[in-house]
*Asks:* 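The structure under discussion is supplied below as structure tokens; questions concerning it will follow.
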Amino acid sequence: MARYDPAEIEPRWQDQWDREGSFAARAESSQPKYYVLEMFPYPSGRIHMGHVRNYTMGDVVARHKLAQGFNVLHPMGWDAFGMPAENAAMEQGGHPADWTYGNIRDMRAQMKPLGLSIDWSREFATCDPEYYGQQQAMFLDFLEAGLAYRRAAVVNWDPVDMTVLANEQVIDGKGWRSGAEVERRELTQWFFRISDMAEELLDALDGLEHWPEKVRLMQKNWIGRSRGLQFAFSTVGAPEGFDRLEVYSTRPDTLLGATFAAISPDHPLARKLERDDPAVAAFVAECRRTATSEEALETAEKVGLDTGIRVRHPFDESLELPVWIANFILMDYGTGAIFGVPAHDQRDLDFARKYGLDVIDVFESRDAPAPVADVAFVPPKTEAVRYVRGFAGEEVQTGEDAIAAAIALCEAQGVGQGVTRFRLRDWGVSRQRYWGCPIPVVHCPACGVVPERKENLPIQLPRDVSFEHPGNPLERHPTWKHCACPQCGGDATRETDTMDTFVDSSWYFARFTAPRADKPTDPAQAGYWMNVDQYIGGVEHAILHLLYSRFFARAMIATGHLPEHCREPFGALFTQGMVTHEIYLTRDARGRPVYHLPEEVADGRLIATGAAVEVIPSAKMSKSKKNVVDPVTIVRDFGADTARWFILSDSPPERDVEWTAAGAEAAFRHLNRVWRLASELEAAPEDGTPEADLALRRAAHRAIRDVSDGIEGFAFNKSVAALYTLTNALRETTAGRAVRAEALRTMAQLMAPMVPHLAEEVWRMAGGTGLVLAARWPQADPALLTLATITLPIQINGKRRSEIEVARDADRATIEAAALADEQVLKALAGGTPKKLIVVPGRIVNVVV
RNA sequence: GCGGGUGUGGCGGAAUGGUAGACGCAGGGCACUCAAAAUGCUCCGCCGCAAGGCAUGGGAGUUCGACUCUCCCCACCCGCACCA
């Protein structure tokens, strides 16, 4: 007898889909469109299970929409610029372009057997000159529109390798290769003016109804709108030109609790003092030996230096506060200077305790007033507290009210001004690296910074570069940067900075609508296909990638590259969880862990030596821990449908899923069972009983409802469970052949988004016509979903004690009577009457005695 | 440090204000087999002979009723602007 043979089935159907052009997106018809997009991959060279999960989810959505009659756009491309290609060139030789395109070729070959419904004719890589040339054109438009500009900014500098380091390349404050202490260095760099759109990007979040609430919240906090007071202290003993010190505070109501002022090590005053005072210079230099990442700054031990300068309190000229330089004050936020209120800010309190500064309570709890000791009193701003050193508003008021009153009073007295600020900073796009999109400007000794002419685009990366030394090969290249000034024609040099790879991924979704257009976009195509109806990717992109893309959409509208309705380019967003696996390890002679691949382990022992392994609970698959499963191996051993079925089945899509060998084998066994059910159809009896026929039809229609609900609600695991249930019904049924065939065809349709190859096979065996992917998605018949009688649980004092059978539409009085006649209820009442009787028709009865 | 999330049987999970554990995995028993694999049937939260009790990370609260809502705590995961 024939067997389920995915190795034969899957390529056969893939060929047929290819021949029929089943997945070519067509814009010309009158059908509604649907654009499904998964975050495109970085071409590392191997696909991993995270990719399989991501693209399978997108494929389920795409195939479901296809079956519902939409014109579906489901493209794929490559986020192909970035550091790994340069690292590979440095480590193994070769060229980043060869490495990248080779990886793309390999990964495409690994992805195709998955049977994804992708329109491969639209594929591109961001390192294609055709793509980055259009990106350069947009950069020039942004520049002209005032959306791009240059200013100085700090970078991580490796003084040994003489190169700029990414945050990821700084490990415990040291360069990853050289091990040298990292320094901060200022460079002139290109920026996009995203902060000008802070308010708009924040307010528009409310309209993103189909985005996860958590992502909107993260973006909201990241943009960080705050209302506070800005004012100037007058200084005592400060150098010339620093007679005032501007500070910003979101808690001006605590002004009378200020016991010190603090400035950033990068504050102009600190820089001035640094020049004249060796102690300050030494301290500031020490502060600069911290990496630039906010995390590094925030987690570093809080240290400070008293400058000896003092400031006068604006409400009491006789009160003078010391001015400290403190390493935790960020120059990028506010004015780079604050006043410290130790009683009501934990960081300030730790600082005050460390350096013996005063602590003055401003307000206290109404319930349990107590002076602040080692824990700052920081209640929610909505909580009413008693002000003991307030100066505006009521004695008892909320923080919110007190802040508003303090700002109003300070404005009235001319002390300061209420100011709205955003945490969001402008987007620095300059990278001192080779493998990225060249920034298309020219530095001319006569004309200054000059945009390249559009007809000279793309400014292509030179091919002949070397990676034997760290640093930017474009800078070292003998000829590339020398050019004629586009304005005066004189000798000039090219910008050698390339763009942040986040720029590449901020508009690829728009390019997919017209990937070969000779402009960045084609208005007709973008107008038809945009926006992305469903975007799917990891939550790690919740802030930066998605925020930059939202900015880019607005900037592209402003420069005429997208229509107005693309302001929010992603209509719905889904963030999927990771794929995890157990970690297996043994110990070497010194007790250090030695990790082992899953396929090297069986029954808790190494297959090779029989040594017992330690098992560490599941974690994200990572090469260093060797807890990885190669999709290629799974597809080879079980077929793509098994990989797809398992990756969808066990966990809700937003949660992590644990890959287990047992689960994969079980998925394979299930698909075998389904195949056998279809192959045994011909042997089924011609006629069944009417009861059995009806029961199977009911089961099929419940499955239609449950699978559809699962797909629409992004709960594919529930769709899978519903399909298991239908499979069980088919296995147990005594229905006749025609009814079985109908149920099998329904099952084939419902399975098709998840296991498309097997679905085509079952569809064919059960007598379906054409391709199952082209068959219209089935509709559940409401008459087959409801039963005449239902079982109603009866609770006594909230605990389930009994149940009654009632008509589905029984009214309250009938249910009450039936409940009160129940044996358990009579026993509990013992002749008395219930204190309360809650009847929720169709759901539950609760008797309170 | 700051921001966000997650936590339910041996395991993945279902139920999102109304019967906690659907569906699957693992495990036990049985059938088929010379045997094994495969397949099929069946049992399966914990304690208890039972009646019953306990149980959704821990603790409190709201409610007739809480996995679900509120507050506090714990553990783990993600992000922190030059990783993609």
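Here is how names work: the chains are called A, B, and so on, in the same order as the sequence lines, proteins then strands, and each is numbered from 1.
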*Asks:* Let's test your reading of the model: under 3.5 Å, does the base of B/C82 pair with the side chain of A/N167 as donor and acceptor?
*Replies:*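 Side chain to base: no pair below 3.5 Å.
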*Asks:* Which part of the nucleic acid, if any, lies within contact of A/S44, taking any heavy atom under 4.0 Å across all strands shown: a base, the sugar-phosphate backbone alone, or nothing?
*Replies:*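 Result for A/S44 = nothing.
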*Asks:* Quick one: look up who B/C76 pairs with, Watson-Crick or G-U, both distances under 3.5 Å, and put none if it's unpaired.
*Replies:* B/G5
*Asks:* Need the glycosidic conformation of B/G27: syn if within 90° of 0, anti if not. Which one?
*Replies:* anti
*Asks:* Can you say whether a donor on the side chain of A/E294 sits under 3.5 Å from an acceptor on the base of B/C80, or the other way round?
*Replies:*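 Answer is no: no donor-acceptor pair is held.
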*Asks:* May I ask which nucleotide in the shown strands pairs with B/G18, Watson-Crick or G-U wobble, both distances under 3.5 Å?
*Replies:* B/C64
*Asks:* Assess the side chains of A/E803 and A/T791: does a donor N or O sit below 3.5 Å from an acceptor N or O?
*Replies:* no
*Asks:* I want to check one thing: is the phosphate of B/G4, taken as OP1 and OP2, less than 4.0 Å away from some side-chain N or O of A/N221?
*Replies:*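 Indeed, a polar side-chain atom of A/N221 lies that close.
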*Asks:* Determine, stepwise, if the pair A/E213 / A/K220 fulfils salt bridge (Lys or Arg N to Asp or Glu O under 4.0 Å).
*Replies:* CA-CA 10 Å; A/E213 187 57 42; A/K220 182 184 170 199; over 6 Å; no
*Asks:* On a whole-Å scale, what distance lies between the C1' atoms belonging to B/C76 and B/C25?
*Replies:* 23 Å
*Asks:* If the cut-off is 4.0 Å, is A/R669 near the phosphate of B/A26, judged by side-chain N/O to OP1 or OP2?
*Replies:*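 Answer yes for this pair, as a side-chain N or O of A/R669 is under 4.0 Å from OP1 or OP2.
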*Asks:* For the P atoms, the ones on B/A75 and on B/C82, what distance do you get once it is rounded to whole angstrom?
*Replies:*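 It works out to 32 Å between them.
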*Asks:* Could you work out which one of B/G7, B/G12, B/U19 sits closest to the side chain of A/D650?
*Replies:* B/G12
*Asks:* Any sub-3.5 Å donor-acceptor pair from A/R423's side-chain atoms to A/W222's backbone N or O?
*Replies:*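 Yes; judged by distance alone, with no hydrogens or angles, the pair exists.
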*Asks:* Would the base of B/C83 count as contacting A/Q169 through its side chain, where contact means a donor and an acceptor less than 3.5 Å apart?
*Replies:*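 Per atom types, no contact qualifies.
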*Asks:* What distance separates A/I536 CD1 from A/F574 CZ, expressed to the nearest 0.5 Å?
*Replies:* 8.0 Å
*Asks:* For the P atoms, the ones on B/G24 and on B/C44, what distance do you get once it is rounded to whole angstrom?
*Replies:*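 Here B/G24 and B/C44 have their P atoms 15 Å from each other.
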*Asks:* Look at the side chain of A/Q346 against the base of B/C2 and say whether a donor-acceptor pair falls under 3.5 Å; ignore hydrogens and angles.
*Replies:* no
*Asks:* Strictly below 4.0 Å, N to O, side chains only: are A/E91 and A/R177 in salt-bridge contact?
*Replies:* yes
